[in-house]
Visitor: 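Handing you this structure, nothing more for now.
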Amino acid sequence: MMTLDEHAARSRLRDVAPGFKLLYALPPIAMALWANSVPFSLLVFGLMGASIVLKGGVRPADYLRWLLLPAGFLVIGTAAVAVDMSAHPETFVVSAPLGGANIGVTATGVAMAAHLCFRALASVSCLYFVAFTTPVADLGRSMAAVGVPALFIEMTLLVYRFVFLLFGTASEIATAQRSRLGYAGTAASFRSLASLASNLFVFSARRSEELYVAMECRGYDGAIRVLAPSSGARQPSLAGIALVEAALLCVAIAAHSGRFF
Amino acid sequence: MASPDILRTEALRCVWPDGTVALDGVDLSIRAGEVTALLGGNGAGKSSLLLSFNGILKPRSGRVLFGEEPLDYSAKGLKALRQKVGIVFQNPDAQLFASSVYEDISFGLCNLGLPEPETRRRIDAAMELVGVAELARKPVHPLSFGQKKRVALAGVLAMEPSVLLLDEPTAGLDPQGADGIMRFIRELQRSSGMTVVVATHDIEMVPLFCDRACVMDRGQVLFEGEVTSMFEHRDLLRQAGLRLPRIAHLLEILSTKDGFDLPGTAMTISGARKILKLMKEEQEINGK
Amino acid sequence: MASPDILRTEALRCVWPDGTVALDGVDLSIRAGEVTALLGGNGAGKSSLLLSFNGILKPRSGRVLFGEEPLDYSAKGLKALRQKVGIVFQNPDAQLFASSVYEDISFGLCNLGLPEPETRRRIDAAMELVGVAELARKPVHPLSFGQKKRVALAGVLAMEPSVLLLDEPTAGLDPQGADGIMRFIRELQRSSGMTVVVATHDIEMVPLFCDRACVMDRGQVLFEGEVTSMFEHRDLLRQAGLRLPRIAHLLEILSTKDGFDLPGTAMTISGARKILKLMKEEQEINGK
Amino acid sequence: MHIMEGFLPPSWSLFWTAVSLPFFVLGFRSMRKIVADNPRMKLLLAMAGAFAFVLSSLKIPSVTGSCSHPTGVGLGAIMFGPSVMSVLGAIVLLFQALLLAHGGLTTLGANLFSMGIAGPFVSYGIYKLADGMKAPRSMAVFLGAALGDLVTYVVTSLQLAAAFPSATGGFAAALFKFLGIFAVTQVPLAVSEGILTVMVWNAIRSY
């Protein structure tokens, strides 16, 4: 399965200035949470899914596979919200006795769970729109534009680079361990994992020192100054985005005030 | 004498998780008791092939056979396989993970669950063999690069595999170090009859230390056969991002461009000496 | 024409924080506008010498001179020095830190505090020069090893240093990749007059791409001089864990052991051709 | 356990963001001071963040046989201190959301509180406490890591219970429910993480 990072790098929307993509996908999360309406959630879910697949060029099968990832949490989480326990079975629509009490679902519980489930799916699709279309480096730049402190952005982008560096090393170590039977059995697995983690730690300390020296050679003095590639970024029509957001907002208000559902 | 095949692939196709095709229909036989060179440029698929011999990389289609049996990818099957097929990776830093040399060499043996006396005997034997016995109690990370490579090798040899896979064993070593490790491997193969597969792009050492060669490019096998016959396919070598050994290149130019009448070709210094001496003798006879 | 010395060390002695002696009384001159090879086995002190040229490793005693001035180890002095003396490390993963190729290349320039248009011009030129222009907006991690090496080189070249230090530039590259990068460096030195110092144990490329050589062993300089004269000191090469280039080795054996009457010696294929042709012609004259 | 994107109602989303913010700000200040004193710390801290990320994506075997991810909060807190962990935790959570689709943006505050604040502070507190009571160092590390792991799940259950009180039994019943699902199942994994952290800690100290 391709990583989200690779999807973002290949996205047809990657050249769109990141601010616009955030402006497009983030407000609907807030609206979906606030409106708390199944039809509105479905609207957002559909809109974002279509944008990811049709505009972003992600294969529907890939998108669906990614949607299944949070499904585990979604199922357990919503089921936990729906199911209740009570001494009085009459409060439940469906129930079964369990020990001295009854376990079952109430009408409000089911409604709450259904709202929750769709709301979460809608929000996740918005998050996916950003993740599928926007490389992390671009996000770093837009954080600067809204006044996030430079140190935080520097740290974020360094962590981004180092995550892949360490992933590479961790998987090399794990492969070498597997080839010497490192994961045959629980005791061996513990031993292998512990040595993997400690070696990775030592490696990362050493690598950070090497990087420091290499950066010093290029004049590092404590501030990481870099220049972003000159923006060949496409600027989509701000009015278009505003129109979509406004329309969504109207539907959200209508849904919230009970015109739908 | 044709040795039986100990490892074989049939239409092997492997794909990395990100979708890159690592191996694209590889049919290859590794003969028992010989040293086989896997040659190719960066990204040709050499390392992937080694990983699939060890059962780490699973085929998308096609299969790998050890002896006459297709690989068994169950936990038990892999355990049995990896005991017999050992792999030494290119980067020793990624495969030495214990805090001391001795402990690291013991890693694979402990996972085999051997009794302690046997484990200790094998560790000592392996350390003796590769010449790191005096480092036993040292921590791993301050060792030199060459020492680390030897310790990594000992960790695999201690498991007494019948097939040894080596990924770029000479990378990062200076000429004497590289020569030393290849001589050691050749010696090991001669004395213990071990089967060795060496993935490398160091073409110079192939005629010196290998019996057979397989040239790879972009996940495919371009050539498989005796080392001596490989160099008749110089176009394939170039296609794979390689070149002739310098001696072979010199002799080639001498005979094709400079009008030397060479009675054969050679890839090594000793081979070239023979040919040039022959040429000289012929000239002297003709001259007289 | 003897070029003036651009870098010089005088009785340079450097000690690593753990007490290991890295350099032990090094007296060495690097000539401006030439390619100098620093040769030696693993642990000979080549990398340490490069780091001391760049002011990263400070002398315990002795000194380093850039032009005629001893290095100034103040923050300001180092900043000025590192603008003029750039270093490319062996492992690009230990050098590249930014989230995209373009940003990484810009880092050194931004530290120089150049105006933005000039910075952009230089980044574009450097990317063009090493052939990574189309990678500009990619993150670093999915690049191949060879691409990472090029990006690391571009990041240093963008600063337009007058001296370029390269630590094992061909390590990990296949023959064509190694050849490509060394050709590029030779071309760069010829066209821009840049001074280049290459630390390596790849002896084969020295006669092809370098003017001068310095052979190091255990922190000391065994030989310093023209590449052509270095090979007369083959005992020093062996002492340093190196060997002769294979062609030179062949010619040596031919003349000392096989009774060939060679009119000179050579280290490269083209050099050997000339000598062997000369020999042939002489024989034909004598024969007639 | 990451609460997924969109799962919390807006009020609770804001509430947990507000609760986490002061810890984040304090952590950020201390980080700023650390890197101002020594520029190489910037790289080391970023490396620590990446390390935490990679660590939390490993699968550890549980003593009962199943597999799960370690939280890494114990190891991180004991090695780098709990306040820096709140900043590194925020970065790690951001990447988990954007690169792995674990967690989300509107739940960042809540997840940061459980995994970047409560977990590390409890781990560190228990470690210091046990150490102060002259308990063996391994015991202190084990308790810190295991309880730190467990606390993150208890806090998550608390957050979910507060947002989704039971229709029949209110907050208490909901808490009981969520603890049963998310925290009790976690006990063997917390033990695994404790054991693993001790092993890693010992190995690192031997370098």
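Numbers restart at 1 for each chain; the letters A, B, ... are given by sequence-line order, proteins then strands.
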Visitor: What closest approach, in Å, do D:Met47 and A:Ser208 show between heavy atoms, and which atom pair accounts for it?
Guide: CE-N, 3.7 Å
Visitor: Do D:Phe51 and A:Phe203 have ring centroids that are under 6.0 Å from one another?
Guide: no
Visitor: Give the minimum heavy-atom separation between D:Lys177 and A:Val83, together with the two atoms involved.
Guide: NZ-O, 2.8 Å
Visitor: Could you check if a side-chain atom of D:Leu43 sits within less than 4.5 angstrom of a side-chain atom of A:Met215, using non-hydrogen atoms only?
Guide: yes
Visitor: Would you mind checking which part of A:Thr106 comes under 4.5 Å of any heavy atom in chain D, side chain (CB onward), backbone (N, CA, C, O), both or neither?
Guide: side chain
Visitor: Tell me, do D:Phe53 and A:Phe162 make a side-chain contact under 4.5 Å, heavy atoms counted?
Guide: no
Visitor: Sub-3.5 Å donor-acceptor pair from the side chain of A:Tyr212 to the main-chain atoms of D:Met41, do we have one?
Guide: no
Visitor: Between A:Ala32 and chain D, with a heavy-atom cut-off of 4.5 Å, which part of the residue counts as in contact: side chain, backbone, both or neither?
Guide: neither
Visitor: What part of D:Leu100 gets within 4.5 angstrom of chain A, counting heavy atoms only: side chain, backbone, both, or neither?
Guide: backbone
Visitor: Where on A:Phe152 is there a heavy atom nearer than 4.5 Å to chain D: the side chain, the backbone, both, or neither?
Guide: both
Visitor: Measure distances from A:Val130 to the heavy atoms of chain D and classify the residue's part below 4.5 Å as side chain, backbone, both or neither.
Guide: side chain
Visitor: Can D:Trp201 and A:Ser198 be said to form a side-chain contact (heavy atoms from CB on, under 4.5 Å), step by step?
Guide: CA-CA 8 Å; D:Trp201 173 255; A:Ser198 50; over 6 Å; no
Visitor: Heavy-atom distances under 4.5 Å only: say whether A:Val213 touches chain D with side chain, backbone, both or neither.
Guide: neither
Visitor: With chain A as the partner chain, list the residues of residues 139-150 of chain D whose heavy atoms fall under 4.5 Å from it, by residue number, and write 'none' if nothing qualifies.
Guide: none
Visitor: Quick one: which of D:Leu88, D:Leu8, D:Val35 has the most heavy-atom pairs under 4.5 Å with chain A, could you say?
Guide: D:Leu8
Visitor: When you compare the side chain of D:Ile91 with that of A:Tyr160, does any pair of heavy atoms fall below 4.5 Å?
Guide: no
Visitor: What option among D:Leu196, D:Val198, D:Leu160, D:Thr197 has the most heavy-atom pairs under 4.5 Å with chain A?
Guide: D:Leu196
Visitor: I need the minimum non-hydrogen distance between A:Arg119 and D:Gly6, along with the two atoms involved.
Guide: NE-O, 3.5 Å
Visitor: Using side-chain heavy atoms (C-beta onward) and a distance below 4.5 Å, is D:Leu105 in contact with A:Leu127?
Guide: yes
Visitor: Is there side-chain contact between D:Pro9 and A:Trp34, with heavy atoms separated by less than 4.5 Å?
Guide: no
Visitor: Please give me the minimum heavy-atom distance between D:Val54 and A:Val163, naming the atom from each residue.
Guide: CG2-O, 3.8 Å
Visitor: Just give me the residue among D:Leu98, D:Leu94, D:Val92, D:Val87 that pairs up with chain A most often, heavy atom to heavy atom, under 4.5 Å.
Guide: D:Leu98
Visitor: Out of D:Gly49, D:Ser166, D:Ala203, return the one with the most heavy atom pairs under 4.5 angstrom to chain A.
Guide: D:Ser166
Visitor: Rounded to the nearest 0.5 Å, what's the gap from CZ on D:Phe7 to CG on A:Leu121? Could you check?
Guide: 10.5 Å
Visitor: Give a yes or no answer on whether the side chain of D:Arg40 reaches the backbone of A:Glu209 with a donor-acceptor pair at less than 3.5 Å.
Guide: no
Visitor: Heavy-atom cut-off 4.5 Å, strictly under: side chain, backbone, both or neither for A:Val81 against chain D?
Guide: both
Visitor: Side chain, backbone, both or neither: which part of A:Leu200 has an atom under 4.5 Å from a heavy atom of chain D?
Guide: both
Visitor: In terms of heavy-atom proximity below 4.5 Å to chain A, should D:Pro165 be classed as side chain, backbone, both, or neither?
Guide: backbone
Visitor: If I measure from the heavy atoms of chain D, does A:Thr108 come under 4.5 Å with its side chain, its backbone, both, or neither?
Guide: side chain
Visitor: Examine whether an atom of A:Leu139 lies under 4.5 Å from a heavy atom of chain D, and if so say whether it belongs to the side chain, the backbone or both; otherwise answer neither.
Guide: side chain
Visitor: Of the backbone (N, CA, C, O) and the side chain (C-beta and beyond), which part of A:Arg161 lies under 4.5 Å from a heavy atom of chain D, both, or neither?
Guide: neither
Visitor: Check step by step if side-chain contact (heavy atoms from CB on, under 4.5 Å) holds for D:Leu55 and A:Phe201.
Guide: CA-CA 10 Å; D:Leu55 201 66; A:Phe201 179 78; over 6 Å; no
Visitor: Are any non-hydrogen side-chain atoms of A:Leu193 and D:Ile60 less than 4.5 angstrom apart?
Guide: yes
Visitor: Pick one of side chain, backbone, both or neither for A:Thr78, based on which atoms fall under 4.5 Å of a heavy atom in chain D.
Guide: both
Visitor: Pairs of donor and acceptor atoms involving the side chains of residues 64-75 of chain A, under 3.5 Å and at least two apart or interchain, shall be tabulated with distances.
Guide:
none

Visitor: Check each atom of A:Glu216 against the heavy atoms of chain D and say whether the ones under 4.5 Å are side chain, backbone, both or neither.
Guide: neither
Visitor: So does A:Met155 get a backbone contact from the side chain of D:Lys42, meaning a donor-acceptor N/O pair under 3.5 Å?
Guide: no
